[in-house]
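Here the structure comes first, spelled out in C-alpha cells, and everything after it is commentary.
What's counted below: heavy atoms across the whole structure, side chains too, no hydrogens, waters or symmetry copies. Both ligands and their constituent atoms are indexed starting at 1 by order of listing. Residue numbers count from 1 along this sequence.
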Amino acid sequence: MIERIREPAAMAARARALAAAGRALGFVPTMGALHRGHLSLVERARATCGAVVVSIFVNPLQFGPAEDFARYPRDLDADVALLGEAGCDAVFAPEAAAMYPPGSSTRVDNAALAARFEGAQRPGHFAGVLTVVAKLFHVVQPAVAFFGQKDAQQCALVLRMVQDLDFPLRVEVLPTVREPDGLALSSRNRYLGAAGRVRARALSRGLAAAEARFRSGETSGAALVAALRAELIREEGVLEDYAALVDPATFQDLEVARAGALLVVAARVDGTRLLDNAVLGGGTLTSVR
Ligand code: AMP
C-alpha cells in the first residue's frame, strides 16, 4: 500500500529515512489528474533512483485570479491508485494551508526569464511555480527531480534556479508524451470538446512542419516560425498566443536556427490554452544545454 503524506514535516522525516537507508531519492512534482506523461516521469525515476516520491498539489500561487484554479481537475484517489501501480514509494499531497500558513510571504522569482511567453501571458505564474518547487525541494530533499519538456519555460526556470541557488540535486528533463495523432498529453486536454480535440492537433502539426523545413535546410528563424504559424491559421477556432524560435536556456529569440534551438507555441483552442514545443534536431532541454 502506497504511503500518502499530508504534512511537510512528516514528508521531510520520511525522505530522510529513505536517504538514510541509502536510497537515492527521485522526485516528481505534479498537480495531479495524472496521465501517461506524468507516469513517464515516475517510470524514469523508478528505473534510475532507489526510491520515488511524487507530490500532488494544485498550487494556488501559480494561478491568476481569472484562471482555472477552482475547476482544475482533481482526483486524488485515482492518482494514488495509479502511483501505487507505478511503484512509487510515497505521495506527498499537502493542503494549501500546510504549504502556505498565515504570514507566509517569501517568493522565489526570476523576472528576466519569466518576462516573456508563459510569464507574460500569466503574470505571477512563474513566481508561484518557483516558490512551490523550491519549497518542495526543501521538504523532499531529492537527489534527482524529474520534469517534462512539455513545460519548457518552466524547465528553463527550474534549471536556472537550481544552479543559481545551489540546490544540491540534479534535474532531468524528459520528452513530451503525445497522443497517437501528435497532441501533447495535458491535464487540460479534458476541457476540450470533440471539435476542439481535432483542432488541437494544429499545434503539433505546426511544430512538425517547421521541423521538416529545418531538416530540409531552412535556417531562418522567421521562416520556421511562419511554417508553424501557417498550421495554426489554417485551423478555424485556434488562436495563437505566441509562436517563436528561442534559445532553450534564455528564451531569447533566435534569428538563425541551429540544432538544439527550441520552437515554442501556445494557442487557445475553444477557450482552452494549450502549449507545445520541439527541440530542433531532437533531444531534450537538458541534453542540448
Ligand atoms: P503538471 O501536473 O501539469 O504540473 O505536470 C507535472 C509534470 O509533468 C511537469 O514536469 C510537466 O512538464 C510534466 N508533464 C505534463 N505533461 C506531460 C507530457 N505530455 N509528457 C511529459 N511530461 C509531462
Can a salt bridge be assigned to the pair [X] and [Y] using a cut-off of 4.0 Å between side-chain N and carboxylate O?
{"X": "D253", "Y": "R116", "value": "yes"}
{"X": "D270", "Y": "R197", "value": "no"}
{"X": "R178", "Y": "D276", "value": "yes"}

- Message: I need the full list of salt bridge (Lys or Arg N to Asp or Glu O under 4.0 Å) pairs touching residues 48-67, with sequence neighbours left out, sorted by first then second residue.
- Response: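 Only E67-R122 qualify under salt bridge (Lys or Arg N to Asp or Glu O under 4.0 Å).
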- Message: Per the ring-ring contact (aromatic ring centres under 6.0 Å, His included) rule, what does the pair list look like for residues 21-66, sequence neighbours excluded?
- Response: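 Non-adjacent pairs meeting ring-ring contact (aromatic ring centres under 6.0 Å, His included): H35-H38, F63-F69, F63-Y72.
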Any protein N or O within less than 3.5 Å of an N or O in ligand 1? List each pair with its distance, or say none.
residue: ligand 1; atom: 2 (O); partner: M31; partner atom: N; Å: 2.9
residue: ligand 1; atom: 2 (O); partner: H38; partner atom: NE2; Å: 3.0
residue: ligand 1; atom: 5 (O); partner: H38; partner atom: NE2; Å: 3.4
residue: ligand 1; atom: 10 (O); partner: G148; partner atom: N; Å: 2.9
residue: ligand 1; atom: 12 (O); partner: G148; partner atom: N; Å: 3.3
residue: ligand 1; atom: 12 (O); partner: G148; partner atom: O; Å: 3.0
residue: ligand 1; atom: 12 (O); partner: D151; partner atom: OD2; Å: 2.6
residue: ligand 1; atom: 16 (N); partner: L185; partner atom: O; Å: 3.4
residue: ligand 1; atom: 19 (N); partner: V177; partner atom: O; Å: 3.0
residue: ligand 1; atom: 19 (N); partner: L185; partner atom: O; Å: 2.8
residue: ligand 1; atom: 20 (N); partner: V177; partner atom: N; Å: 2.8

- With sequence neighbours excluded, what pairs up with E240 under the side chain to side chain donor-acceptor pair (under 3.5 Å) test?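 Listed in chain order: R229.
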